[in-house]
Colleague: 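Sharing a structure, written as structure tokens. Questions coming.
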Amino acid sequence: MLRAVVTQVGEAFTVHVSTVPPTTPPAQETSTSESETVHDANTTVNSDGVVAKDGEIGHTTKELAAPGPNPIVPEVKEVIWGAGAFIVFALIMRYLAFPKLKKGMDARYSGIRSDHEQADATRLAAQSDVAEYQAQVASAKADAAAHLDQARQELEAKRTARIATANAAIAEMRAAATAENDSARAAVQSQIQGAVAEVSSSAITLAIGKAPDAAVVSRVVDEVMSAGAAR
Amino acid sequence: MLGLDFPKINEILRWQDIFSSFNKIGLIAVLAAVIGSAIFLLAGSKDHTVAPKGIRNLAEIIVEFIEESVVMQTMGKKGLKWTPFLLSLFVFIYLCNVPGIIPLFQMPATARIAIPLFLSLLVWIVFIGTGLKHQKGAYFGHLLWPPGVPVALKPLVGLIEFFSTIIVRPLSLTVRLFANMLAGHILLVTFALLSEAMFQAKTFQPFLNIGGILPFFMLVFLTGFEVLVGFLQAYIFAILTAVYIGTSIEGHGDEADMAQAH
Amino acid sequence: MEAMSHLVNAAGTSTPTELKAQAAASSAGFAYGLAAIGPGIGIGYLVGKSVEAMARQPEAAGMVRTTMFLGIAFTEALALIGFVVFILIGL
């Protein structure tokens with residue numbers, strides 16, 4: 001029968017394992033050390049595998065490699081190292097790294113933004129240039145159209161003038177021809193009248209034996225001829 | 001059945017001290033601080049006029065992530081001055097989480113309760129301090145009684161709010177981070193041990209030695225999953241900090257109700 | 001645990017402490033298993049509703065996602081407390 005007594009000195013644990021007669025109930029010591037292990041996890045360790053082998057009697061001391069408190073309980077050295085590391089890191093970030101990085105980012109972003117604005121301005125200028133050019137083109141086109149109109153009008157005027165003169169000439173010639181025609185017709189008519197009057201008067205003379213009044217004959221011939229012409 | 005001998009929990013969480021009062025957790029914390037500072041200091045020293053690439057790009061992505069997804073979503077524009085603090089929290093926690101899957105480290109520093117506890121207490125001090133600074137003595141009134149509480153209910157509501165704000169908040173912050181990382185670590189250990197035991201099994205050799213590939217695949221999958229969990233926990237820690245600080249700045253609002261839902 | 005039981009076995013009797021330890025060891029698993037039921041349902045419901053909201057209004061996805069993570073964090077805390085209790089009583 002083995003009896004184990006665990007004692008703690010600082011970080012080191014000493015385990016005394018000894019044989020005891022089986023008659024004595026040895027539970028007292030071990031149970032107290034266990035309750036320490038369970039409740040006061042800060043300072044005690046589970047004694048892992050330190051129970052001596054059968055027959056190995058006496059005094060064994062072993063430094064344990066991995067035992068530790070319950071993992072729920074923080075270890076002071078880890079808290080200190082973690083806290084120190086984080087605080088240093090946070091201060092470096094706050095006062096050195098982040099402001100510089102952020103300044104660079106802001107500078108670049110504002111640069112990009114101003115570039116954008118510049119590009120916008122350039123584009124606007126180009127657009128106004130284009131508008132101006134288009135206006136010029138339009139005015140040139142209008143000029144050309146005006147010139148064209150003018151030339152066309154001049155041509156038109158010339159053409160109408162020529163046509164008018166030609167028409168006038170034609171009308172003149174036609175009037176002359178008409179007048180000639182009329183005079184010829186009048187001459188022929190007077191000749192015919194004279195002849196008809198002569199023939200009629202001679203016929204009447206033959207018929208009644210007496211020469212009719214020349215004035216009456218000419219009046220009657222006139223009437224008949226104009227009636228015939230009117231018919 | 002396999003006689004898998006699972007080690008005791010302290011065996012997978014504690015290491016021999018590197019020297020007295022300095023152990024692996026401290027080493028990881030210091031390395032996280034050093035690497036984090038190095039990344040951001042280097043990034044800050046790069047030419048800022050050209051388009052960012054490499055380390056500066058990384059740092060700017062992180063900063064914008066914190067600004068867009070953490071600060072703007074919870075505190076709005078006036079919370080932007082808290083960006084450095086939240087950024088430090090996020091980066092530090094992430095860099096403490098990630099060694100859980102890096103070979104040779106294989107231990108998330110946040111799987112020990114020390115660092116989560118310290119960070120939670122720091123956040124606790126910060127948000128109470130902010131509340132006192134912004135709302136003076138009225139802070140405790142706002143803290144205990146949301147607007148519109150009937151007088152008859154005031155003692156009960158006050159008690160509940162006191163517990164949820166003063167006690168449950170830091171505790172849940174601590175436990176959320178710590179327990180998530182510890183659970184992930186235990187999972188990884190379990191599957192690693194299982195694969196090893198199956199690969200080296202002496203009985204049913206053809207079956208077990210080949211079947212050991214299955215827990216190994218699970219191990220690979222969980223390792224990838226732990227990357228996500230490490231990121232998510234850092235993000236959640238930062239965003240909860242932002243919510244708490246935002247509540248302290250503004251008094252009770254919608255976010256306050258949301259934050260005190262538990 | 002193991003060491004304690006070694007010691008207790010060495011003592012050769014079954015003390016109340018040992019009985020308590022045995023009960024704790026056998027109930028630790030239940031502590032976590034029971035604690036995981038509620039948050040499991042809760043997180044499933046929460047994420048499902050969030051996906052619904054995001055699908056209905058994709059322009060509000062960022063806000064919904066942030067709120068979803070907050071909700072998950074609060075819900076998950078219960079399961080994690082169960083996990084911590086598991087560690088506490090299982091050791």
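Remember, predicted model here, so these are calculated numbers, not experimental data. Letters go in sequence order (proteins before strands), and every chain restarts at 1.
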Colleague: So, do B:Phe178 and C:Val84 sit near enough that their side-chain heavy atoms are less than 4.5 Å apart?
Modeller: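 In short, these two side chains touch, coming nearer than 4.5 Å.
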Colleague: Please flag which part of C:Phe69 lies under 4.5 Å from any non-hydrogen atom of chain B: side chain, backbone, both or neither.
Modeller: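 Contact with chain B: backbone and side chain both.
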Colleague: At a heavy-atom separation under 4.5 Å, does B:Ile186 approach chain C through its side chain, its backbone, both, or neither?
Modeller: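 For B:Ile186, side-chain heavy atoms alone lie under 4.5 Å from chain C.
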Colleague: CE/C:Met63 to CE/B:Met72 distance, rounded to the nearest 0.5 angstrom?
Modeller: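 Between atom CE of C:Met63 and atom CE of B:Met72 there are 14.5 Å.
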Colleague: Check the surroundings of atom CZ in B:Phe231: do more than 12 heavy atoms from other residues, nucleotides or ligands lie under 6.0 Å from it?
Modeller: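 Counting neighbours around CZ of B:Phe231, more than 12 heavy atoms of other residues, nucleotides or ligands fall under 6.0 Å, so yes.
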Colleague: Working to the nearest 0.5 angstrom, can you tell me the gap between B:Leu240 CG and C:Leu70 CG?
Modeller: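 The CG atom of B:Leu240 sits 5.5 Å away from the CG atom of C:Leu70.
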Colleague: Ignoring hydrogens and geometry, is there a side-chain-to-backbone donor-acceptor pair from B:Arg176 to C:Ala73 under 3.5 Å?
Modeller: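 Checked: pair present.
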Colleague: Do B:Ile236 and C:Phe74 come within less than 4.5 Å of each other through their side chains, counting heavy atoms only?
Modeller: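 The answer is no, as the side chains (C-beta and beyond) never meet within the 4.5 Å cut-off.
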Colleague: Verify the neighbour count for atom CZ of B:Phe65: are there more than 12 heavy atoms of other residues, nucleotides or ligands below 6.0 Å?
Modeller: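 Yes, enclosed.
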Colleague: So for B:Leu232, is it side chain, backbone, both, or neither that comes closer than 4.5 Å to the heavy atoms of chain C?
Modeller: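 Contact with chain C is through the side chain of B:Leu232 alone.
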Colleague: Side chain from CB out, backbone as N, CA, C, O: work out which of these in B:Glu68 comes under 4.5 Å of a heavy atom of chain C, or both, or neither.
Modeller: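 B:Glu68 has no heavy atom closer than 4.5 Å to chain C.
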Colleague: Grab the two heavy atoms, one from C:Ile87 and one from B:Leu182, that are nearest each other, plus how far apart they are.
Modeller: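 Distance-wise, the nearest heavy atoms are CD1-CD2, 3.0 Å.
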Colleague: Kindly indicate whether the side chain of B:Gln73, heavy atoms from C-beta on, has any atom under 4.5 Å from the side chain of C:Thr67.
Modeller: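 The answer is no, as the side chains (C-beta and beyond) never meet within the 4.5 Å cut-off.
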Colleague: Heavy-atom count around B:Trp82 CH2 within 6.0 Å, excluding the residue itself: above 12?
Modeller: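 Correct, the count exceeds 12.
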Colleague: Of all the heavy-atom pairs spanning B:Ala179 and C:Leu80, show the shortest one and how long it is.
Modeller: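 Scanning both residues, the minimum pair turns out to be CB-CD2, 3.7 Å.
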